[in-house]
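Structure first, commentary second.
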Amino acid sequence: MDSISRSGFLRRSLNVAGALATAPLLASARFFLNPSNPPSEMTDLVATTTLFPQAPLPYAYDALEPHVDARTMELHYGKHHAKYVKEVADAIAEENIDATSAEDFFANVSGYSQKARNNGGGAWNHDLYWRVMKPGGGGEPSGALRDAINSSFGDFATFKTKFTEAGMKRFGSGWAWLVKDGGKLAIGSTPNQDNPLMDVSEFKGMPLLGMDVWEHAYYLNYQNKRDEYIGHFLQVINWNEVSKRFA
Ligand code: MN
């Protein structure tokens, strides 16, 4: 190959490499411009583990409007949640963590790094959060879950008051929870991305319902008014999903 045809060959090779490198970026840009696109292709862009995969959102970004706005959903799922999923995968690899399940991971999280704890919690908590909301949700639970709420808190109105208080009293970033602990239900909160499955958590139990009270969950639409966000969250709760977890 003479020098002229070699430079042409190199240029063509670089063009092909460049096109391949930018293809995923273009795909994700298109995806972000259209909030009603199914977001499943996001999951191809981040490292995932079998312990903490990022499942596709079960609805479109704008499906929870006006309670949760599309832009918040897009950033929350596509950026915040995706980053927790990638970072916990990195931490698991770096620390050779051999947990067999998410529950096993959290039961031993005191032995892992802060990176593993924060991002493992972030990955799992958000997966639950997306599933306990749905378009046309809200209302009141029924059946065995309703009975348990009544026997644990008195009535559904008292449950709502206590759950709202748990979210309001959590200073800074964290989560409010409804958990099952033995036969009883309990309401509480955790800081940062901790959850009630963690051995380090003061508040323990099997999470049935989790509400993100980090500002990134509501600031674009509600600014500092966390109480308004919580009122709207209660209007999109997927009580069927919460009931399934209770059973
Ligand atoms: Mn969040």
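Just so you know, residue 1 is the first one in the sequence shown, and it goes up from there. Atoms within a ligand are numbered from 1 in the order they appear, just like the ligands themselves.
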query = Taking just the N, O or S atoms of His76, which one is nearest to the Mn ion (ligand 1)?
reply =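 The closest N, O or S atom of His76 to the Mn ion (ligand 1) is NE2.
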
Looking only at N, O or S atoms in Asp212, which is nearest to the Mn ion (ligand 1)?
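Distance check against the Mn ion (ligand 1) picks out OD2 in Asp212.
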
Crowded around Lys160 NZ? As in, over 12 foreign heavy atoms under 6.0 Å?
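Incorrect, the count does not exceed 12.
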
inquiry  = Does Lys162 have more than 12 heavy atoms from other residues, nucleotides or ligands lying within 6.0 Å of its NZ?
reply    =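 Open: at most 12 neighbouring heavy atoms sit under 6.0 Å from NZ of Lys162.
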
Tell me whether His80 has at least one N, O or S atom under 2.8 Å from the Mn ion (ligand 1).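 Under 2.8 Å: His80 has no N, O or S contact with the Mn ion (ligand 1).
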
| Test: Glu94 and Lys115 ion pair at under 4.0 Å |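 Yes, Glu94 and Lys115 are salt-bridged.
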
Do the side-chain N and O atoms of Asp69 and Thr72 include a donor-acceptor pair separated by under 3.5 angstrom?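 Yes, because at least one side-chain N or O of Asp69 sits under 3.5 Å from a partner of the opposite role on Thr72.
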
